[in-house]
Amino acid sequence: MAEAILEVRDLHKHYPLTQGILFRKQVGAVKAVDGVDFDLVAGETLGIVGESGCGKSTVAKMLVNLEKPTSGTIRYKGEDLTKLSPRALKAVRRNIQMVFQDPYTSLNPRMTVGDIIGEPYEIHPEVAPKGDRRRKVQDLLDVVGLNPEYINRYPHQFSGGQRQRIGIARGLALQPEVIVADEPVSALDVSVQAQVVNLLDRLQSEFSLSYVFIAHDLSIVRHISDRVGVMYLGRIVEIGTDVQIYDHPTHPYTQALLSAVPVPDPEARAHRERIILTGDVPSPANVPSGCRFRTRCWKARERCELEVPLLAVPAVYRLADTPARHDSACHFAEEKQVVPPEESLAHPDPLADGPAPVEAAREAAEGAPEEPGPDAAPPDEPGPDAAPPEEPGGPKTL
């Protein structure tokens, strides 16, 4: 196995709960992230999925130092980012960039596209001399499939998919090695999602990028990810390759998630087992003892209340040569096929014999043109400051 470029160990982020006006005292804490461990290997994509509020975005922000961890370590090529001086951290941060969820609010509406993409060069001038920045920004626009002549336009003149491409171009500006994508397609429609996901896939090959890809859509996560981690209430409860997680899940929560994915085939839908969880997600300010999923789990026993399950290969599979042999934080982990193999949610290897039915629909829509922004010029009438759209060129080298 290749060497890990990013190592996360026992990562915690607790937000204090206080009371009082003049003399404030802490009375508790919201445990947004509560002991997360994972590795990111150079050149791979690690997908992270889970319900809203499970801590996915908080993990993403800590990876790029937008949030300070309460405890734990984040090592990039052996250096602990949580202990670096501001000067040393600035040098490292250019190698770990982020693509945000909302493609509009993450862009300054008062800045042109050229200023937005070129802003990282103001912070790291060694990457691009001042006289060369405009050309570099135009190259980046071309790389992400936008007309370089759009450099003087403003964010409101673009559609949602085009704005997300601008965000990706900004993330590529400093030639990073790791990109943290926090739900980059959740605000886009299906056809545009396919375009952005395939763009990320192509850029990974061109620039040898490693991704931490966070999303709710399990089909998209499987399409782009090499490994997948499932989060619940601040912790990763199961992690493995895409085949292990989707076709051979062993944790009850993962099985419940997969059973909730819509299946387009009526016959498969009629024969699959739907797992309905009862109860609400516990508050991260009052986490259950032992296994935090036990309050909603149909396998819960007394042991689950007393012991915290470790994220490790279940004992029953440690000596077995089976895809179920992967890390799962459950005392009673057991492989369960949520959907029959011949009618599974996705093909075991999307690149081997063609895309799965769900992904095929996305890729079929890839050729559809994006809807122009509200103030963009019509295709046959170029705007006052922009040339007509051109076909994106071949692979570019920054």
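The chain is numbered in sequence order, starting from 1.
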| Between His223 and Val197, is a side-chain contact (heavy atoms from CB on, under 4.5 Å) present by the stated rule, with each step listed? | CA-CA 9 Å; His223 177 73; Val197 167; 3.6 Å; yes

| request: For Arg153 and Thr112, run side-chain contact (heavy atoms from CB on, under 4.5 Å): C-alpha distance rounded to whole Å, both residues' side-chain angles, the deciding distance at 0.1 Å, then the answer. | output: CA-CA 5 Å; Arg153 290 192 177 186; Thr112 64; over 6 Å; no

| query | What's the verdict on side-chain hydrogen bond (donor to acceptor under 3.5 Å, both in side chains) for Glu334 and Tyr317, showing C-alpha distance, side-chain angles and the deciding distance? | reply | CA-CA 9 Å; Glu334 182 182 11; Tyr317 298 121; over 6 Å; no

| request: In sequence, state the C-alpha distance, the side-chain angles, and the governing distance for Ile74 and Glu7, and then conclude on side-chain contact (heavy atoms from CB on, under 4.5 Å). | output: CA-CA 6 Å; Ile74 303 172; Glu7 301 171 80; over 6 Å; no

| request: Report the C-alpha separation of Ser106 and Arg170 in whole Å, then their side-chain angles, then the decisive distance to 0.1 Å, and conclude whether the side-chain contact (heavy atoms from CB on, under 4.5 Å) test is met. | output: CA-CA 11 Å; Ser106 61; Arg170 178 177 58 186; 4.0 Å; yes

| message | Please evaluate residues Ser186 and Gln101 with respect to the criterion side-chain hydrogen bond (donor to acceptor under 3.5 Å, both in side chains), reporting the C-alpha separation (whole Å), side-chain torsions for both, the decisive distance (0.1 Å), and the verdict. | response | CA-CA 7 Å; Ser186 63; Gln101 177 175 356; 3.3 Å; yes

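His326 contributes a side-chain N or O that, together with a main-chain N or O of Pro323, makes up a donor-acceptor pair within less than 3.5 Å. Looking at Gln162, its side chain does come within 3.5 Å of a backbone N or O of Ser159 through a donor-acceptor pair. No side-chain donor-acceptor contact under 3.5 Å links Lys56 to the backbone of Ala215. With Glu44 contributing its side chain and Val41 its backbone, the two residues share a donor-acceptor pair below 3.5 Å. At least one donor-acceptor pair closer than 3.5 Å links the side chain of Ser289 to the backbone N or O of Glu305. With hydrogens and angles ignored, the 3.5 Å screen pairs no side-chain donor or acceptor of Tyr104 with any backbone N or O of Pro109. Looking only at distances, a side-chain donor or acceptor of Tyr246 sits under 3.5 Å from a matching main-chain atom of Leu218. A donor-acceptor pair is defined here as one N or O able to donate and one able to accept, closer than 3.5 Å; no such pair exists between the side chain of Glu183 and the backbone of His216.
Taking the ring centre of Phe23 as origin, the terminal cationic atom of Lys25 falls outside the region bounded by 6.0 Å and 45° from the ring axis.
Exactly one residue among Leu233, Val287, Asn286 makes a side-chain contact (heavy atoms from CB on, under 4.5 Å) with Lys31. That residue is Val287. For the pairing with Ser328, the side-chain contact (heavy atoms from CB on, under 4.5 Å) check across Pro309, Pro314, Pro249 returns one residue only, Pro314.
Between Arg325 and Asp321, no side-chain nitrogen of the basic residue sits less than 4.0 Å from a carboxylate oxygen of the acidic one, so the salt-bridge criterion is not met. With respect to the salt-bridge test (charged N to carboxylate O, under 4.0 angstrom), the residues Arg227 and Glu238 do not qualify. Taking a cutoff of 4.0 Å between a charged side-chain nitrogen and a carboxylate oxygen, Glu79 and Arg75 do not qualify as a salt bridge. A salt bridge links Asp34 with Arg292; the closest basic N to acidic carboxylate O contact falls under 4.0 Å. Under 4.0 Å is where a charged nitrogen must lie from a carboxylate oxygen, and between Asp247 and Arg222 at least one such pair does. Ion pairing between a basic and an acidic side chain is recognised when a charged N comes within 4.0 Å of a carboxylate O; Arg135 and Asp132 show such pairing. Between Asp39 and Arg9, at least one side-chain nitrogen of the basic residue sits less than 4.0 Å from a carboxylate oxygen of the acidic one, meeting the salt-bridge criterion. Between Arg133 and Glu122 a salt bridge is recorded (basic side-chain N to carboxylate O distance below 4.0 Å).
For the pair Leu199 and Val143, the tightest heavy-atom approach, listed with the atom from each and the gap, is CD1-O, 4.0 Å. Taking every heavy atom of both residues into account, Ser219 and Val261 meet most closely at OG-CG1, 4.5 Å. Shortest non-hydrogen contact noted between Pro282 and Arg296 is CD-CD, 4.5 Å. Of all heavy-atom pairs between Leu188 and Val192, the closest is CD1-CG1, 3.9 Å. Of all the heavy atoms in Leu17 and Ala285, the pair that sits closest is CD1-CB, 3.9 Å. The shortest non-hydrogen separation linking Met98 to Val64 is SD-CG2, 3.6 Å.
Under a hydrophobic-cluster definition in which Ile, Leu, Val, Met, Phe, Trp and Tyr are linked whenever side-chain heavy atoms come within less than 4.5 Å, directly or via other members, Leu63 and Val230 are assigned to different clusters. The hydrophobic cluster containing Leu84 also contains Val178, counting ILVMFWY residues as joined when their side-chain heavy atoms lie under 4.5 angstrom apart, directly or transitively. Clustering ILVMFWY residues whenever any of their side-chain heavy atoms sit less than 4.5 angstrom apart, transitively, puts Val212 in a cluster other than the one holding Ile220. Residue Phe207 is grouped with residue Val99 when hydrophobic side chains (ILVMFWY) are merged at heavy-atom distances under 4.5 angstrom, including chains of intermediate members. Linking Ile, Leu, Val, Met, Phe, Trp and Tyr residues whenever their side-chain heavy atoms come within less than 4.5 Å leaves Met231 and Ile275 in two separate clusters.
Side-chain atoms of Val30 and His14, non-hydrogen and from C-beta on, never get closer than 4.5 Å to each other. Side-chain contact between Leu258 and Thr254 is present, with at least one heavy-atom pair separated by less than 4.5 Å. Between Tyr211 and Leu46 there is no side-chain heavy-atom pair separated by less than 4.5 Å. Between Val113 and Gln157 there is no side-chain heavy-atom pair separated by less than 4.5 Å. Side-chain contact between Thr73 and Asp10 is absent, with no heavy atoms from C-beta onward closer than 4.5 Å.
Expressed to the nearest 0.5 Å, how far CG of Leu306 lies from CZ of Arg294 amounts to 8.5 Å. Atoms CG and CZ, from Leu89 and Arg94 in turn, are 14.0 Å apart once rounded to the nearest 0.5 Å. Separating the CG atom in Leu200 from the OG atom in Ser205 is a distance of 11.0 Å, to the nearest 0.5 Å. Note that CZ of Arg303 is 6.0 Å distant from CZ of Phe332, once rounded to the nearest 0.5 Å. Rounded to the nearest 0.5 Å, atoms NZ (Lys83) and CG (Leu81) are 12.0 Å apart. The distance from atom SG of Cys330 to atom CG of Leu311, rounded to the nearest 0.5 Å, is 11.5 Å.
Heavy-atom contacts from other residues, nucleotides or ligands closer than 6.0 Å to NZ of Lys61 number 12 or fewer. Atom CZ of Arg274 sits in a crowded spot, with more than 12 heavy atoms from other residues, nucleotides or ligands closer than 6.0 Å. Enclosure of atom CZ in Arg110 is not indicated, since only 12 or fewer non-hydrogen atoms of other residues, nucleotides or ligands lie within 6.0 angstrom. Within 6.0 Å of atom CD in Glu126, more than 12 heavy atoms from other residues, nucleotides or ligands are found, so the atom counts as buried in its surroundings.
Residues Ser71 and His12 bring a donor and an acceptor atom of their side chains to less than 3.5 Å of each other. Defined by atom type and a distance below 3.5 Å, a donor-acceptor pair is missing between the side-chain atoms of Glu177 and Ser210. Judged by distance alone, the side chains of Gln204 and Thr45 do bring a donor and an acceptor atom under 3.5 Å apart. A donor-acceptor contact closer than 3.5 angstrom links the side chains of Ser57 and Asp182.
Applying the ring-ring contact (aromatic ring centres under 6.0 Å, His included) test to Tyr253 and every residue at least two apart in sequence or in another chain returns Tyr232, Phe293.
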